[in-house]
Amino acid sequence: MDTKLTEYLKDYLSQNDIDGLIINSTNEFLVEYNILELNSRYYVTDFTGSTGDVLFTEDKIYLFVDTRYHEQADNQVNHDFVEVVKMPLYKSYLTALDEKIPSYFKLGIISSKTSKKFYENLTKKLQIKNSSIKLLSSDPVAEFKKEEIKNIKYNVFSVSNEITGMSADEKFQKIKTCAGDKFNILVTSLEDIAYITNLRSYDFDYNATFPAKAIINENGVKIFSECNLPFIGNFFKIYKLSEFDINLKNIEKSELYIDEEKITIADYKLINQSNNILQSYLKLFKTVKNENEIAHLKECFKKSDEALKVVYNMLNSDKIYSEYDYYEALINAMKDKGALSLSFNPIVAAGSNSAIVHYTSPSKEKLVNEGDFLLVDFGGYYEGGLATDTTRTFVKGTPSSEQKTAYTTVLKAFLNAYFNEYNKKSAYFNIDKIARETIEKSITGDYPFLHGTGHGVGISVHENPPIVSSSDAGKTKIIENTVFSIEPGVYKEGWGGIRLENTVYAAVEEDKIVMHSFSHFPFEIKLVDLSQMNDYEKYYYMKWQAGACI
């Protein structure tokens, strides 16, 4: 933790006449996986998780983390300065932040790193307590650390139409058909831009995207980027990112579509208010995968399964390895099998560390000994720029009865959620409900299920939509050919955790919606107690194991 930085920030509060400052984990494109060199929150707290923002005040640094990061945050921060605000399942950051802000509080927010939707919702909450928001044009942490921030050079490449299933021009024509005769769509989501251009880059850790913004109208697509981009299509023109502001300002008296969750306040302030501003649904185009994309993902997951087998064979040898040994072997195996990049930092957690949902610090000292769990959560990108994501939990040697009970519970939750009969009225929420109820009926509350049952998978490993949870976002109907994870898990602090994750796609067969898994890696037979399964669960467990290809 940089104490000189904290003193600088305290002076910044005084100079700007504010009582507190939001320090973001994201960058000006609102990405989830921001590299640490660009992550302002990291410099203030030493916390390395992918999400979690800070409220910085004169007296306290509040770090807000969801259930995936409770234990990791505790392990990484200096508690003399940082208070970890542990948000329970489904409590929003907005609510937790509001609870920490007193009346008559003046809060500073960085306009280029805050979404329009979050800003407006927080403003409403603060007005009730006579508190206010001051928009700041620059990030003081980035200013203080500017000498340490490296310049990333992006090597951008085109993905074959054989993988994408549509050319960039065809995607534009599809958007135009849906949008009508006269329109403007502002695109500030990097995943959406990667989708419509069929371009990818692997120079940004855990991303397949490149920095850019876009404006789409009935005549074509303007792409604004400082990257050296290849030819995209006949309807695409490339401009410098520095030209974006003036182009956006010049749109007048138009129907202008924006994504409120992905547009920053800084960009929103550029919009001429003579426009009729509407919510964009462009992100739905990439949510539904076509036959080519699904076929490509099947091949990618075959390679991922083969990489995981390397870890499994190591675990079942007579040698004792460390967490880091498995982590390194997994990454090397992924590269050997064709992965061009990682879709996130792999989680390789042994023993009690497996209870940390997003454990990201594999240790060279932590050995995987007899009776230890080994939880492996990993994913990669291949030539198509679509992410893979799989989790398995193994055991070294002979498991205990407690381990078998917990593992069998999670397996039952997966089997029931995956093989259940769904119809065209079913929602993603129903998948979560089945998994959650199975766990609640099978094991005590000492082994909580700390996260949603799944998330969308695509150009981003956490694609939204869909969301497989009991939140309002999960209550949308299951759509054919959407790709998402089903990943129930239980975690007991100080003991360990189990998570079993398969990325699936939803297929319509007659009047039913049926899940098809991309991964076909077997479950850990040593940890399965068939006596705790009903006949239905036994049948589908045997069906899965019989179809496993490793």
query = Is it the case that K475 places NZ or CZ above or below the six-membered ring of F429, under 6.0 angstrom from the centre and within 45 degrees of the axis?
reply =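 Yes.
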task = Validate the cation-pi geometry between K171 and Y195: distance from NZ or CZ to the six-membered ring centre under 6.0 Å, angle to the ring axis within 45°.
result =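 Yes - K171 lies over the ring of Y195, closer than 6.0 Å to its centre and within 45° of its axis.
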Ring centroid separation [X] to [Y] under 6.0 Å:
X: F204; Y: F210; value: no
X: F523; Y: F414; value: yes
X: Y312; Y: F394; value: yes
X: Y206; Y: F344; value: no

For [X] against [Y], the heavy-atom pair lying closest together:
X: K526; Y: P399; result: O-CG, 3.3 Å
X: S25; Y: N34; result: O-ND2, 3.0 Å
X: Y202; Y: N207; result: CD2-O, 3.7 Å
X: R392; Y: S519; result: NH2-OG, 4.0 Å
X: K538; Y: M533; result: CE-O, 3.3 Å
X: F118; Y: S115; result: N-OG, 3.1 Å

inquiry  = Taking side chain to side chain donor-acceptor pair (under 3.5 Å) as the definition, give me every residue that meets it alongside S50, ordered by chain and number, with sequence neighbours left out.
reply    =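 Side chain to side chain donor-acceptor pair (under 3.5 Å) check on S50 returns Y69.
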message = Test of understanding: with side chain to side chain donor-acceptor pair (under 3.5 Å), list the residues that count as partners of E463, not counting sequence neighbours.
response =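 Partners of E463 by the side chain to side chain donor-acceptor pair (under 3.5 Å) criterion, ordered by chain and then number, come out as K289.
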task = For residues 512-521, pull every pair meeting salt bridge (charged side-chain N to carboxylate O under 4.0 Å, His left out), keeping only residues two or more places apart or in separate chains.
result =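 Passing the test, one end in residues 512-521: E421-K512.
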Less than 4.0 angstrom from a charged side-chain N to a carboxylate O is my criterion; do [X] and [Y] meet it?
X: D74; Y: K86; result: yes
X: E170; Y: K174; result: no
X: E83; Y: K100; result: yes
X: E120; Y: K125; result: no

Run the side-chain donor-acceptor check on residues 488-498: report pairs under 3.5 Å with partners two or more places apart or on a different chain.
residue	atom	partner	partner atom	Å
Y491	OH	H451	NE2	2.6
Y491	OH	R499	NH1	2.8
K492	NZ	E402	OE2	3.1
W495	NE1	E402	OE1	3.1

side-chain contact (heavy atoms from CB on, under 4.5 Å) partners of [X], counting only residues at least two apart:
X: A333; answer: A307, V310
X: E291; answer: none
X: S304; answer: F378, Y382, T388
X: N481; answer: V288, I294, Y505

Mind checking what makes salt bridge (charged side-chain N to carboxylate O under 4.0 Å, His left out) contact with [X], not counting sequence neighbours?
X: K396; answer: none
X: K424; answer: none
X: E383; answer: none
X: K113; answer: D139

request  = Walk me through it: do K302 and E306 pass the test salt bridge (Lys or Arg N to Asp or Glu O under 4.0 Å)?
outcome  = CA-CA 6 Å; K302 282 182 184 179; E306 291 169 0; over 6 Å; no
task = Please assess K286 against D192 for the test salt bridge (Lys or Arg N to Asp or Glu O under 4.0 Å), listing each intermediate value before the final yes or no.
result = CA-CA 7 Å; K286 71 177 184 299; D192 288 346; 2.5 Å; yes
message = Would you compute the distance between atom CZ of F518 and atom NZ of K298 and round it to the nearest 0.5 angstrom?
response =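 Here the interatomic distance stands at 7.0 Å.
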task = With I486 as reference, evaluate N502, V504, V468 under the side chain to side chain contact (heavy atoms under 4.5 Å, CB included) test and give the passing residue.
result =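 Only one option passes, and that is V504.
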ask   = Is there a side-chain hydrogen bond (donor to acceptor under 3.5 Å, both in side chains) between S531 and D529 once you walk through the steps?
value = CA-CA 5 Å; S531 69; D529 185 351; 2.5 Å; yes
query = Given the rule in the salt bridge (Lys or Arg N to Asp or Glu O under 4.0 Å) test, do D267 and K213 qualify, once you have shown the distances and angles that lead to the verdict?
reply = CA-CA 10 Å; D267 283 346; K213 296 177 183 179; 2.8 Å; yes
request  = Measure up the Y418 and W544 rings against each other and bin them: parallel (under 30°), tilted (30 to 60°), perpendicular (over 60°).
outcome  =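 Perpendicular, since the angle between the ring planes exceeds 60°.
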